[in-house]
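Every chain is numbered from 1, with letters handed out A, B, ... down the list of sequences. Values in this document were obtained by computation on a predicted structure and should not be read as measured data. Every heavy atom of this structure was used, including side-chain atoms; hydrogens, water molecules and symmetry mates were not.
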Amino acid sequence: MAFLEINGLKKSYGETQVLAGIDLAVEQHEVVCLIGASGSGKSTLLRCINQLETIDEGTIRLDGDVVSGEGVDVNQLRRDIGIVFQSFNLFPHMSVVDNVTLAPRKLKQATPDEAERRARELLDRIGLSARADAFPDQLSGGQQQRVAIVRALAMQPRVLLLDEITSALDPELVAEVLDIVRELARDGLTMLLATHEMSFAREVASSVCFLHQGRILEQGPPEQIFTDPTEARTKDFLQRIIEAGRL
Amino acid sequence: MTVALEPRTTARPLPTCKVALPAAGLVVVLVTIALVWGTAWRLLSATAAGTSWHLFYLVVGLLAAVGVLALLRPALHSLAERGRAGTALGSQDLQAARIHRSRCYTSAWVAMGWSAAAVLVVAVVSFLLANDHAVQKTFLSPEMLSQSWWETTKAFRTNVFIAVVAEVIVLVWGLLLAVARSAPGRAGRPVAFLARIYIDAFRAVPGIIVIYLIGFGLPLAGVPVLSSMSPTWSAIFALTLTYGAYVAEVYRSGIESIHPSQNAAARSLGLSHGQTLRSVIVPQAVRRVVPPLLNDFIGLQKDTALVMVIGTVDAFTQAKIYASNYFNLSSVTVVALLFVLITIPQTRFVDRLIERDQRRQGR
Ligand SMILES: Nc1ncnc2c1ncn2[C@@H]1O[C@H](COP(=O)(O)OP(=O)(O)OP(=O)(O)O)[C@@H](O)[C@H]1O
Ligand SMILES: [Mg+2]
């Protein structure tokens with residue numbers, strides 16, 4: 001059984017079905033990329049896995065344990081599955097280091113001193129130790145997103161979900177954020193990420209899923225998906241990406 | 001259908017400078033000067049010579065009569081600039097013409113703006129002097145002011161005490177209500193419902209009625225503990241009930257103004273609903289609601305004057321004793337001034353808080 005396993009996941013907002021039965025398996029240390037057109041349900045899938053949205057049907061298993069549905073402690077689950085958002089969502093009233101230590105402190109994961117020491121170590125790793133006491137709006141977008149990644153990492157999650165974390169960034173800031181993800185992949189962190197950065201997906205992904213209308217239409221190793229997709233819709237999608245000069 | 005996109009070709013109009021505006025400025029200023037002089041004269045002739053008040057009025061009147069002449073400066077400057085604009089226009093210097101025209105208009109408006117302010121002051125002073133000083137004697141009698149201000153100010157301490165204690169409790173109570181009103185889940189629903197009923201009810205009922213009901217009702221009903229409260233504490237209790245409801249709504253609007261992504265970010269880290277509220281949502285919300293919060297607090301402070309209906313001796317009660325004994329309202333004017341005096345520093349304080357917050361946030 002896979003480390004993170006999703007079976008028959010369905011989700012509707014009112015009448016519109018956004019996820020129409022998703023089956024997905026992510027092994028430990030794997031990096032799985034979700035690609036697909038805008039509105040295909042990538043964000044919704046990630047938010048469902050993190051239980052920021054309730055799911056209508058299906059199950060999610062983490063390390064063999066069912067973590068969806070009734071009776072599950074979502075707060076506990078979210079310590080195991082971290083998420084980083086497109087829009088950073090740092091807490092604007094807290095310094096960078098407080099942003100990072102808030103959850104470890106509040107959830108008694110570490111003593112305040114320990115949490116702070118670890119936070120500064122992590123910030124040092126991403127080259128932001130000098131800005132540890134700055135406030136979020138004194139940072140560039142790229143720096144904010146790097147802090148957001150570190151904030152999620154501070155809880156030492158077993159799986160990290162990344163939802164288009166570079167699409168709100170100026171082009172010249174994308175690289176600094178992707179570098180960190182690349183490094184995390186090298187360290188063996190299990191990641192599931194939605195992205196529009198195809199060349200990056202091709203580089204880091206162990207496997208790529210193409211989402212279309214709430215279903216995973218095609219899944220395979222990046223080389224195969226990007227060079228020899230079997231589904232016509234995948235071909236269409238990639239063709240459009242190439243025309244837009246994004247591949 | 002196609003819409004032609006052609007650049008506009010008409011030439012910019014030549015600057016013209018009308019004489020009407022500077023002339024009107026001068027006329028308005030001259031009329032104002034006449035009004036001020038007339039009022040100053042009435043001020044002087046209305047008091048007997050030799051008293052210290054006469055001396056005071058003499059100084060005020062002279063200062064006003066001389067000071068109002070300053071209005072002539074912008075009025076004359078406006079006319080002079082109008083002349084220069086005309087000259088420049090004659091020599092085809094368009095840029096200079098525009099500059100002088102702009103100065104001419106600005107000065108004319110400055111002259112008229114200050115004249116309007118001066119006329120307003122004249123109107124107020126005339127009102128006070130009306131009916132042989134009757135208005136001034138009723139509201140601002142020097143003898144009554146000096147006789148009553150000390151006792152009234154002493155009694156004002158009661159108002160301040162009630163306001164401060166009630167405000168501290170309201171800060172906490174209002175927040176509790178706001179949080180209860182947005183209690184999540186099935187278990188939270190009855191709590192939210194109760195909080196909403198409370199807020200609806202106490203925002204609707206006039207504060208004076210709540211004070212009356214609490215101050216007289218509880219002792220009458222012999223409710224244990226509550227009925228033995230002093231009138232002052234009854235007032236605090238009543239005002240807390242009323243303003244707790246207002247402040248809860250202020251907090252709630254603040255909480256709802258925080259973008260849902262902040263909640264999502266905090267919850268995604270594993271924080272509970274309560275932890276998220278406490279560490280992430282409420283601290284940001286409170287910062288946003290400081291100005292409306294102060295609004296409600298000023299309202300609360302003013303409503304401390306209502307406690308006289310249950311026999312608490314506050315500044316207003318004290319002032320009314322003077323007022324009815326001497327048929328003169330100057331002591332009540334003192335109370336009014338006291339309320340103004342305590343409000344101004346609070347407003348400035350909040351302005352400073354907001355400024356500091358914006359600076360710290362680097363905006
Ligand atoms: N809260 C919501 N209420 C109603 N509909 C929603 C809600 N959130 C998302 N949707 C709908 O669900 C569909 C999938 O949205 P989702 O954000 O998951 O797409 P996405 O693949 O992440 O797209 P993008 O690449 O633009 O981020 C969209 O059609 C969207 O309109
Ligand atoms: Mg999305």
More than 12 heavy atoms from other groups under 6.0 Å of CZ on A/R120: yes
As an exercise: rank A/L107, A/V84, A/N50, A/I83 by heavy-atom pairs under 4.5 Å with chain B and give me the winner. A/L107
Answer whether the closest heavy-atom distance between the side chains of A/R151 and B/L269 falls below 4.5 Å. yes
For A/L161, which atoms come within 4.5 Å of any heavy atom of chain B: side chain, backbone, both, or neither? neither
Please report the interatomic distance CZ(B/R267) to CG(A/N75), rounded to the nearest 0.5 Å. 5.0 Å
When the 4.5 angstrom heavy-atom criterion is applied to B/Q262 and chain A, the contacting part is both
Should we count CZ of A/R158 as having more than 12 external heavy atoms under 6.0 Å? yes
Heavy-atom closest pair, residues A/F85 and B/S268: CE1-OG, 3.9 Å
Is it true that atom CD of A/E172 has more than 12 heavy atoms of other residues, nucleotides or ligands lying nearer than 6.0 Å? yes
Would the distance check show the side chain of A/H93 and the main-chain N or O of B/S279 forming a donor-acceptor pair, the cut-off being under 3.5 Å? yes
Check each atom of A/L90 against the heavy atoms of chain B and say whether the ones under 4.5 Å are side chain, backbone, both or neither. backbone
From CZ (A/R105) to CG (B/L271), nearest 0.5 Å: 10.0 Å
